[in-house]
Amino acid sequence: MIGRTAEGDASWDVGWSPHLCVIGDTGSGKSSVIRAVLASWPGSVVLLDPKRLEFGNWPEGGRVLTSAGDPHRIAEVLRQCADEVDSRMEDLSRIVATHWTDPDAKPLGLRPVLIVIDEAMVALTRPAKGETEKETRVRVDSARQSLLECLVLGRACGVHVVVGLQRPDVAFLGGTARDQLRGRIGLGILSPDATRMLFDADLSEQMDGRPGFGLAVNLTPTMPVPVPFRSAWISPADVRAMYLPESESA
Ligand SMILES: Nc1ncnc2c1ncn2[C@@H]1O[C@H](COP(=O)(O)OP(=O)(O)OP(=O)(O)O)[C@@H](O)[C@H]1O
Ligand SMILES: [Mg+2]
């Protein structure tokens, strides 16, 4: 359960929308939605956050595969995620399975992984210290390409992505990436253009404005049009505690 709509509890069905984007200005409640997603996620996580404070400084171990905030590290981790996707697809293809949950795929022992990228535009495009413009370009292109690979191929092999973004930037959400991020939550106040980009219609008048409140679409098959949404609340400490390695939570 990640929030509520008029119909009741809202959850994110990754079988229906493998990837999710959460869009809103600063303070609109993006990171809080991501915490609610993490609180209901059963598998492992990769946490990327250029601000570091929210998700980029978690202790690794247990279900936390990686937590990173440094621009080089973010690009490197995304490359590793794309390699993991590639290797999972290779394994599935070898046993002629089309999805990681197929009975035939059970011996592979694949577990679902959620890649969280908060402040995704910054995470992917921020120049790193001491880097030339060309080096930045190469790193940014590589990070984008890796993410795209995870978005396009992840569903079949149990790799899912949630991104937090301040606005539905075409540079980030253009073309293929946008199509893959089918589950969408818009929070706070959004411009007519932003709601058109997210929801294919000017729904700016319907934005509530309060943090944690907004519109959501396609979280489940029964949500084909945007509906009013309020995110569930879980504190940063509580969600971290759910991911502590067993030795530390004992
Ligand atoms: N579901 C909610 N219920 C009540 N308050 C909420 C909820 N979601 C967010 N808030 C309030 O809004 C504040 C900002 O939320 P959050 O940090 O998640 O926003 P953000 O969009 O990630 O902002 P930033 O750009 O600073 O990272 C929270 O500290 C909290 O006070
Ligand atoms: Mg935030």
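Keep in mind that the numbers below use all heavy atoms, side chains included, and drop hydrogens, waters and symmetry copies. Just follow the structure's listing: the first ligand is 1, and inside any ligand the first atom is 1.
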Closest non-hydrogen atom pair, Pro50 against Asp118: CD-O, 3.1 Å
Closest heavy-atom pair and its distance - Phe55, Leu38: CE2-CD1, 3.6 Å
contact_flag Arg35 ligand 1 heavy-atom lt 4.0 Å: no
Within-shell test, Arg230 vs ligand 1, heavy atom, strictly < 4.0 Å: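 Arg230 counts as a contact of ligand 1 under the 4.0 Å cut-off.
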Considering the heavy atoms of [X], write down every atom of ligand 1 situated less than 4.0 Å from one of them.
| X | result |
| --- | --- |
| Gln166 | 25 (O) |
| Ser32 | 8 (N), 9 (C), 15 (O), 16 (P), 18 (O) |
| Thr26 | 23 (O), 24 (P), 25 (O), 26 (O) |
| Glu119 | 25 (O), 27 (O) |

Quiz item: cation-pi between Arg155 and Trp100, 6.0 Å / 45°: no
Within-cut-off N or O pair, Lys51 and ligand 1, under 3.5 Å: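 Yes.
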Lys30 N/O under 3.5 Å from ligand 1 N/O: yes
Stepwise salt bridge (charged side-chain N to carboxylate O under 4.0 Å, His left out) test for Asp83 and Arg79: CA-CA 6 Å; Asp83 287 347; Arg79 182 70 256 157; 3.2 Å; yes
Selected option - heavy-atom contact closest to atom 17 (O) of ligand 1, from Pro236, Gly24, Ser31, Ser231: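 Going through Pro236, Gly24, Ser31, Ser231 one by one, Ser31 has the nearest heavy atom to atom 17 (O) of ligand 1.
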Pick from Ser235, Gly3, Ser28, Gly29: the one approaching atom 15 (O) of ligand 1 most closely through a non-hydrogen atom: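 Result: the heavy atom closest to atom 15 (O) of ligand 1 is in Gly29.
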Rounded distance [0.5 Å steps], CZ in Arg184 versus CE in Met223: 14.0 Å
Neighbour count above 12 (heavy atom, 6.0 Å) for Ile234 CD1: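 Buried by this count: over 12 neighbours within 6.0 Å.
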More than 12 heavy atoms of other groups within 6.0 Å of Arg111 CZ: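 No, not enclosed.
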Exercise check, heavy-atom protein proximity under 4.0 Å to atom 31 (O) of ligand 1: no
Could you find the nearest protein heavy atom to [atom] and give me its residue, atom name and distance?
| atom | result |
| --- | --- |
| atom 23 (O) of ligand 1 | Gly27 N, 2.8 Å |
| atom 29 (O) of ligand 1 | Trp233 CH2, 4.3 Å |
| atom 12 (O) of ligand 1 | Pro211 CB, 3.2 Å |

Flag for Ser204-Asp202: side-chain donor and acceptor within less than 3.5 Å: yes
Location of contacts on Asp25 toward ligand 1, heavy atoms closer than 4.0 Å: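 The answer is the backbone of Asp25.
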Test item: Val113 and Val45 side chains (from C-beta on) under 4.5 Å apart, heavy atoms: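 Val113 does not reach Val45 side chain to side chain.
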Ser31 N/O/S atom closer than 2.8 Å to the Mg ion (ligand 2):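 Short answer: yes, at least one N, O or S atom is under the cut-off.
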Parallel, tilted or perpendicular, as decided by the 30° and 60° cut-offs, for the rings of His19 and His160: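 The arrangement is tilted - the two ring planes meet at 30° to 60°.
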